[in-house]
Chemist: 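Okay, handing you the structure first.
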Amino acid sequence: MFYGTELNNRLMLGTAQYPSPQILRDAIQASGTEVITVSLRREGPQGEGFRDLLRDSGCRILPNTAGCHTVQEAVTTAHMAREIFDTPWIKLEVIGHADTLQPDPFALVEAARILCSDGFEVFPYTTEDLIVGEKLIEAGCQVLMPWGAPIGSGQGLRHAEALRTMRAHFEGIPLVIDAGIGAPSQAARAMEMGFDAVLLNTAVARALDPVAMARAFALAIAAGQEAHGAGLMPVRDMAQASTPIFGMGVLG
Amino acid sequence: MISVLGAGVAGLCAATALVEAGHKVELVLPDGTPPPVSRLAGGMLAPFCEGESAPKDVTLRGRGAIDWWSDRVPGVVRRGTLVLAPPRDSAELTRFASATTGHRWVDPATLEPALSGRFARGLFYAGEAHLNPVSALTTLRDTLALQGVQTRPAPRGDWIIDCCGPAAIPEDPHLRPVRGEMLELHAPDVTLTRVIRLLHPRFPCYIVPRPANRYMVGATMVESGDTGPVTARAMMELLSAAYTVHPGFAEAQVIATGCGLRPAFPDNLPTIRQDGTVFRLNGLYRHGFLLAPALATDLVARLPLPERTSRQTGTIRPPSQPSQVRRNASTGQTPAQSPAPARPKMTTPAPNNTPNTQAPKQDQSHAH
């Protein structure tokens with residue numbers, strides 16, 4: 001449950017960089033995604049032409065504060081988003097470093113506190129740091145979005161063991177892997193590890209065939225989710241024959 | 001008589017094709033019409049590079065544009081396009097290569113000695129070209145005037161060809177604006193002779209050489225209808241891209257900046273829509289100079305034969321566009337509103353936007 005909303009499809013799609021809005025729309029349809037994120041910082045109030053097309057998609061819109069570097073920018077952008085899309089949802093990004101696009105955890109927690117107390121339902125883009133996660137929960141967030149790897153890098157789950165720890169630590173809190181995912185196999189792995197959803201953009205938007213890639217991600221995420229629910233077998237050090245050898249003659 | 005509304009690249013190409021096909025044409029520009037946005041274009045004729053993010057049709061139909069323009073305006077520079085990436089983004093070059101055709105791998109310095117030692121490899125699209133938008137549009141307009149095409153503030157034709165570009169956005173729910181920003185630099189320390197494209201994570205960034213060490217650097221892509229001046233971010237990004245290509249750009253003077261709105265349909269492809277005796281050519285997006293000739297050709301094919309729209313012939317140039325021959329097929333008798341099957345469409349320019357500084361003054365000379 002993401003702030004009380006149940007999602008059947010656990011792929012969340014970004015809407016930037018597609019060859020055209022039509023291809024974006026086709027990708028949404030092919031993947032069955034239910035949530036799309038939209039940036040506002042740069043487009044501003046006069047980006048209605050594109051936003052109308054997004055509203056027509058029928059998806060739930062998760063506006064984001066991409067491109068914001070300070071608490072004030074992020075809070076202002078969130079308010080604009082709430083007015084424009086009439087939703088309390090906000091994906092909170094406060095970028096700390098222009099090169100890695102790494103979140104600034106201090107500004108993030110501060111902005112989250114302001115927005116949560118103002119009635120927003122905040123999806124904070126954070127790192128796998130447990131303490132930052134706790135501070136965000138304490139600020140009022142009911143979802144966390146740890147990065148897989150730097151935005152747009154396609155590196156997958158760069159700190160998989162740390163993410164595993166995070167998953168174990170925040171039992172019951174919806175965790176969404178956000179950013180850095182390059183291949184469906186990486187998304188499937190995140191879901192197998194027990195994450196609740198995966199948010200990505202570049203890997204689909206910049207694929208040679210974005211529509212087919214969107215579908216591939218949706219399939220991988222569904223597979224990973226189902227595998228997690230089914231209970232993955234533990235990894236063993238030694239071979240274990242699937243047919244018992246009990247009763248076979250032991251010679252020598 | 002056919003009235004062409006708008007004198008941007010769509011309108012002028014349409015008027016030119018119509019006159020060449022023997023129609024009597026007038027240009028309609030109401031008083032106070034702003035200069036066309038197409039004057040801010042890069043003027044790249046890059047059907048192969050554009051194929052990276054556009055459907056195959058853009059490549060197929062855009063290929064004819066180079067000859068179309070060469071036959072009609074001076075200064076079409078056929079030196080191809082060189083595509084580069086900063087060393088740390090060189091994987092993007094591989095991706096770009098796989099998404100496009102018409103290229104080969106090169107050592108950039110063999111084509112542009114000024115880039116010696118800066119880039120280990122690049123992609124060369126030998127079949128591409130560029131022109132100077134302002135002088136090309138001026139030439140088309142002068143040629144039309146010589147052929148007796150008058151410019152009037154109000155239409156009096158029996159057929160209307162609406163090429164109003166972004167000015168049509170408010171009335172057309174399918175059109176949306178995509179803001180683009182550009183700079184013009186004077187860089188005496190840099191000598192580049194062909195279009196350079198630098199792969200950039202957010203927009204196709206290109207440097208187009210113009211005479212006398214001037215360079216057009218463009219262009220951002222923002223889903224916005226804001227017509228305000230170029231933003232600091234855009235300027236920083238464009239300048240930083242130019243600097244990445246050649247450090248000599250750091251000493252360049254910024255001669256002009258510009259911002260315009262590209263009219264686009266959801267599929268980012270232009271189209272011709274007919275409503276009775278009105279044809280609307282719009283949605284050229286960022287492919288004005290590349291696709292306007294094809295749109296113009298399609299338009300001619302959809303209109304009645306010249307004897308049914310006028311009695312005068314003003315043809316001076318032979319139609320050099322092979323596809324114009326199709327005209328005899330099914331021209332006039334299709335008042336149908338049916339969306340044309342393929343992608344006929346034409347387009348644009350006339351615009352509404354204002355340049356935030358004076359338009360770059362371009363020489364009329366023919367580049368290099």
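All chains are named by letter (A, B, ...) in the order of the sequence lines, taking the proteins before the strands, and each is independently numbered beginning at 1.
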Chemist: Are the side chains of Glu223(B) and Glu48(A) in contact, using a 4.5 Å heavy-atom criterion?
Modeler: no

Chemist: Please check this pair: side chain of Arg206(A) against backbone of Arg95(B), looking for a donor-acceptor N/O pair closer than 3.5 Å.
Modeler: no

Chemist: So how far is it from Ser20(A) OG to Tyr285(B) OH, rounded to the nearest 0.5 Å?
Modeler: 8.0 Å

Chemist: Has Arg63(B) got more than 12 heavy atoms of other residues, nucleotides or ligands less than 6.0 Å from its CZ?
Modeler: no

Chemist: For Phe48(B), check ring-ring contact (aromatic ring centres under 6.0 Å, His included) against everything at least two apart and list the hits.
Modeler: none

Chemist: Quick one: OG on Ser53(B) to CG on Leu208(A), what's the gap to the nearest 0.5 Å?
Modeler: 11.5 Å

Chemist: Which members of residues 52-68 of chain A, sorted by number, sit under 4.5 angstrom from chain B on a heavy-atom basis?
Modeler: Leu53(A), Gly67(A)

Chemist: Answer yes or no: does atom CD of Glu171(B) have more than 12 heavy-atom neighbours from other residues, nucleotides or ligands under 6.0 Å?
Modeler: yes

Chemist: Can you sort out the partners of Phe120(A) under ring-ring contact (aromatic ring centres under 6.0 Å, His included), two or more places apart, ordered by chain and number?
Modeler: His79(A)

Chemist: Checking the side chain of Asn268(B) only, and the main-chain atoms of Pro21(A) only, is there a donor and an acceptor separated by less than 3.5 Å?
Modeler: no

Chemist: Can you tell which part of Glu92(B) gets under 4.5 Å to a heavy atom of chain A, answering side chain, backbone, both or neither?
Modeler: side chain

Chemist: With chain A as the partner, which of Val178(B), Ile169(B), Val222(B), Asp226(B) has the greatest number of non-hydrogen pairs under 4.5 Å?
Modeler: Asp226(B)

Chemist: Suppose the criterion is salt bridge (charged side-chain N to carboxylate O under 4.0 Å, His left out): which pairs have a residue in residues 9-31 of chain A, not counting sequence neighbours?
Modeler: Glu6(A)-Arg10(A)

Chemist: Side chain from CB out, backbone as N, CA, C, O: work out which of these in Thr100(B) comes under 4.5 Å of a heavy atom of chain A, or both, or neither.
Modeler: neither

Chemist: Between Ser98(B) and chain A, which part of the residue has a heavy atom less than 4.5 Å away: side chain, backbone, both or neither?
Modeler: both

Chemist: Does OH in Tyr3(A) sit with more than 12 non-hydrogen atoms of other residues, nucleotides or ligands closer than 6.0 Å?
Modeler: yes

Chemist: For residues Gln46(A) and Pro177(B), determine if any side-chain heavy atom of one lies less than 4.5 Å from a side-chain heavy atom of the other.
Modeler: no

Chemist: What part of Ala99(B) gets closer than 4.5 Å to chain A, counting heavy atoms only: side chain, backbone, both or neither?
Modeler: both

